[in-house]
Amino acid sequence: MEQLSIVEKEGSNYIIYEVSGVMNTYTITELAEKLDENIKKSNIVVDLERVEAIDSVGVGLMMATFNDGEDCGHRFYMMNPSAPARIALEETGFYDVFDIIHAVTEVQ
């Protein structure tokens, strides 16, 4: 069965989620809960370097978190998207909407 591993860490002005595995309908419940709760409190960084695949529900979660961040005055960043993650985001046409960073030092 596909799994999603999530490691949460706090920085000075952000919370980072290091995600690895597959982001799909069956695996994103825990991540969705964490993002929904914490985008209201802080900037969020999701490190996608070890993501093997993202389906439309995963992309939808990223878009919803981005929009919630704008509503709350916080920013949502994606860091180091893997090739499969980048392709999934590009295919939806949303890749250019997101703040893509390569290091947490880029968080504003």
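All residue numbers refer to positions in the sequence shown, counting from 1. What's counted below: heavy atoms across the whole structure, side chains too, no hydrogens, waters or symmetry copies.
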Exercise. Side chain of Glu106, backbone of Ala103: donor and acceptor closer than 3.5 Å?
Worked result: yes
For this session: Evaluate the side-chain proximity of Asn24 to Val57: yes if any heavy-atom separation is below 4.5 Å, no if none is.
Result: no
Seminar exercise, completed: Output for pair (Asn80 CG, Ile101 CD1), nearest 0.5 Å, gives 8.0 Å
Exercise. How far does CD of Glu30 sit from CG of Leu4, to the nearest 0.5 angstrom?
Worked result: 8.0 Å
For this session: Look up atom CD in Gln3 and atom OH in Tyr26, then write down how far apart they are to the nearest 0.5 Å.
Result: 15.5 Å
Exercise. Does the side chain of Ile100 reach to within under 4.5 Å of the side chain of Pro81, using non-hydrogen atoms?
Worked result: yes
Exercise. In Å and rounded to the nearest 0.5 Å, what is the OG1 to CD1 distance from Thr65 to Ile39?
Worked result: 6.5 Å
Exercise. Is it the case that one hydrophobic cluster holds both Phe76 and Ile54, taking links as side-chain heavy atoms less than 4.5 Å apart, direct or via other members?
Worked result: yes
For this session: Would you please name every residue forming a ring pair (Phe, Tyr, Trp, His ring centres under 6.0 Å) with Phe66, sequence neighbours left out?
Result: Phe98
Exercise. Should Val97 and Met63 count as side-chain neighbours, where that means a heavy-atom distance under 4.5 Å?
Worked result: yes
For this session: Could you tell me whether a side-chain N or O of Ser82 sits under 3.5 Å from a main-chain N or O of Val51, the two making a donor and an acceptor?
Result: yes
Exercise. Yes or no on side chain to side chain contact (heavy atoms under 4.5 Å, CB included) for Glu8 and Ile15, after CA distance, side-chain angles and deciding distance?
Worked result: CA-CA 7 Å; Glu8 180 179 331; Ile15 299 170; 3.8 Å; yes
Exercise. Donor-acceptor pair, Tyr77 side chain versus Gln108 backbone, under 3.5 Å?
Worked result: yes
Exercise. Do Val59 and Ile6 share a hydrophobic cluster (ILVMFWY, side-chain heavy atoms under 4.5 Å, transitive)?
Worked result: yes
For this session: Would you check if the side chain of Asp99 reaches a backbone N or O of Met78 as a donor-acceptor pair within less than 3.5 Å?
Result: no
Problem set entry | Worked verdict on Leu31 versus Met62 for side chain to side chain contact (heavy atoms under 4.5 Å, CB included) | CA-CA 10 Å; Leu31 181 62; Met62 300 294 111; 4.3 Å; yes
Problem set entry | Evaluation steps, salt bridge (charged side-chain N to carboxylate O under 4.0 Å, His left out), between Glu18 and Arg50 | CA-CA 8 Å; Glu18 297 171 351; Arg50 293 181 196 89; 5.0 Å; no
Problem set entry | Gap between atom CG of Leu48 and atom CE of Met23 - 0.5 Å precision | 6.0 Å
For this session: Answer yes if Met79 and Phe94 sit in the same cluster of Ile, Leu, Val, Met, Phe, Trp and Tyr residues linked by side chain heavy atoms under 4.5 Å apart, and no otherwise.
Result: no
For this session: Report yes or no: do Val19 and Ile28 belong to one cluster of Ile/Leu/Val/Met/Phe/Trp/Tyr joined by side chain heavy-atom distances under 4.5 Å?
Result: yes
Problem set entry | Summary of side-chain hydrogen bond (donor to acceptor under 3.5 Å, both in side chains) pairs that have at least one residue in residues 37-47, sequence neighbours excluded | Tyr17-Asn38, Asp36-Lys40, Glu37-Lys41
Problem set entry | Atom pair CG/OG1 of Asp55 and Thr27 - distance to nearest 0.5 Å | 7.5 Å
Problem set entry | Cluster check Val46, Tyr14: I/L/V/M/F/W/Y, side chain < 4.5 angstrom | no
